[in-house]
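Working notes, beginning with the structure itself.
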Amino acid sequence: MVSIEAAPIRVASMHGQRNSRVCDRIMSTTHALTATPIAGALGAEISGVSIADEHDAETIAWIRQALLDYQVIFFRDQKLTPDQQIRFSRRFGELEEHDFVKGLPEHPQIIRVVREADEETLNFGGAWHTDVTHQECPALGSVLYGLDVPRVGGDTLFANQYLAWDRLSTGMQRMLDGMTAVHTARGPFGPQGRSASNWKNMQVEPSEKALEEVTHPVVRVHPETGRKALFVNRTFTVRFTDMTEQESAPLLEYLFNHACREQFTCRFRWTPGAVAFWDNRCVLHYALNDYTGHRREMLRVAISGDRPR
Ligand SMILES: [Fe+2]
């Protein structure tokens with residue numbers, strides 16, 4: 001943990017920097033926030049804030065900068081109503097409803113990610129992925145609230161895609177820069193997709209809409225930090241533009257495996273009331289399926305993002 005002097009706020013640009021960290025401490029009128037990194041590659045726990053409360057612009061700017069600096073931030077011991085989760089998330093952008101998972105009746109922007117103790121299916125989010133890249137404008141980020149977390153297992157892994165890009169050879173970077181790839185939701189959410197037989201306690205609605213395809217750059221420039229991040233994922237990316245799936249498979253497979261190398265990752269152990277807020281523009285995540293016999297229920301809100309460039 002690093003502390004800084006009691007400057008009123010420190011929101012610094014991290015453009016182009018790799019391993020340095022800022023905003024480790026802030027004294028504002030009502031809060032003393034601290035960011036404590038949980039791994040070398042990305043991820044920090046934020047303490048000193050109840051996200052159920054209303055916050056001034058300064059505090060929200062600090063949290064936003066912490067998100068940009070650490071790519072994924074965590075808050076422990078929160079107690080959130082759906083309205084409070086929505087109010088906090090709204091401070092970072094418009095919220096969106098999931099195309100294939102029905103939201104809560106009174107709060108359609110919140111989806112319930114649940115697996116009961118007696119289910120043994122693949123869990124929702126149980127593969128390395130970026131959320132909703134089947135959309136033209138994939139989510140900026142998600143705010144996931146651990147409502148009922150298993151006593152054992154159920155951790156979430158995250159992988160830093162700035163590092164994944166930075167660690168490719170210059171030859172590979174030269175080849176990939178400017179390439180685009182096709183993304184579709186047909187794997188998880190198409191009529192023949194995995195959702196047909198999984199997630200029976202979730203409100204998943206497979207549809208023909210999942211067969212639609214969109215194109216995204218293989219490397220995107222983060223709109224706020226200006227840094228380049230690898231932007232392909234095993235759940236939604238099916239081929240490179242103007243290539244067949246067969247032709248694309250070897251290189252995509254290499255990139256999928258490279259993107260989640262251990263040294264790019266962090267691992268979050270859920271505790272009751274914990275919240276994870278990740279930057280979906282530069283992070284992959286993976287919900288581990290190792291809690292058979294235990295119940296896990298999370299509430300997720302997605303914040304609208306921009307078109308990857
Ligand atoms: Fe996800």
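All values derive from a computational prediction rather than experimental measurement. One-based numbering, in listed order, for ligands and for the atoms of each. Position 1 is the first residue of the sequence, and the numbers go up from there.
- Following chains of ILVMFWY side-chain contacts shorter than 4.5 Å, one cannot reach F236 starting from V238, and the two form parts of different hydrophobic clusters.
- V214 belongs to no multi-residue hydrophobic cluster, having no ILVMFWY side-chain contact under 4.5 Å with any other such residue.
- For a distance threshold of 2.8 Å, the protein N, O or S atoms nearer than that to the Fe ion (ligand 1), listed by chain and number, are H129 NE2, D131 OD1, H285 NE2.
- Remark: the backbone N or O of R307 is not paired with any side-chain donor or acceptor of H216 at under 3.5 angstrom.
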Can I get a per-line list of side-chain donor-acceptor pairs under 3.5 Å for residues 139-149, giving both atom names and the distance, sequence neighbours left out?
{"unit_1": "S142", "atom_1": "OG", "unit_2": "D131", "atom_2": "OD2", "d": "3.1"}
{"unit_1": "Y145", "atom_1": "OH", "unit_2": "L80", "atom_2": "N", "d": "3.1"}
{"unit_1": "D148", "atom_1": "OD2", "unit_2": "R295", "atom_2": "NH1", "d": "2.9"}

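- Between the side chain of H107 and the backbone N or O of Q109, no donor-acceptor pair lies under 3.5 Å.
- Every residue meeting the side-chain contact (heavy atoms from CB on, under 4.5 Å) condition with M202, not counting sequence neighbours, appears here in chain and number order: V101, V113, V114, F124, W199, V204.
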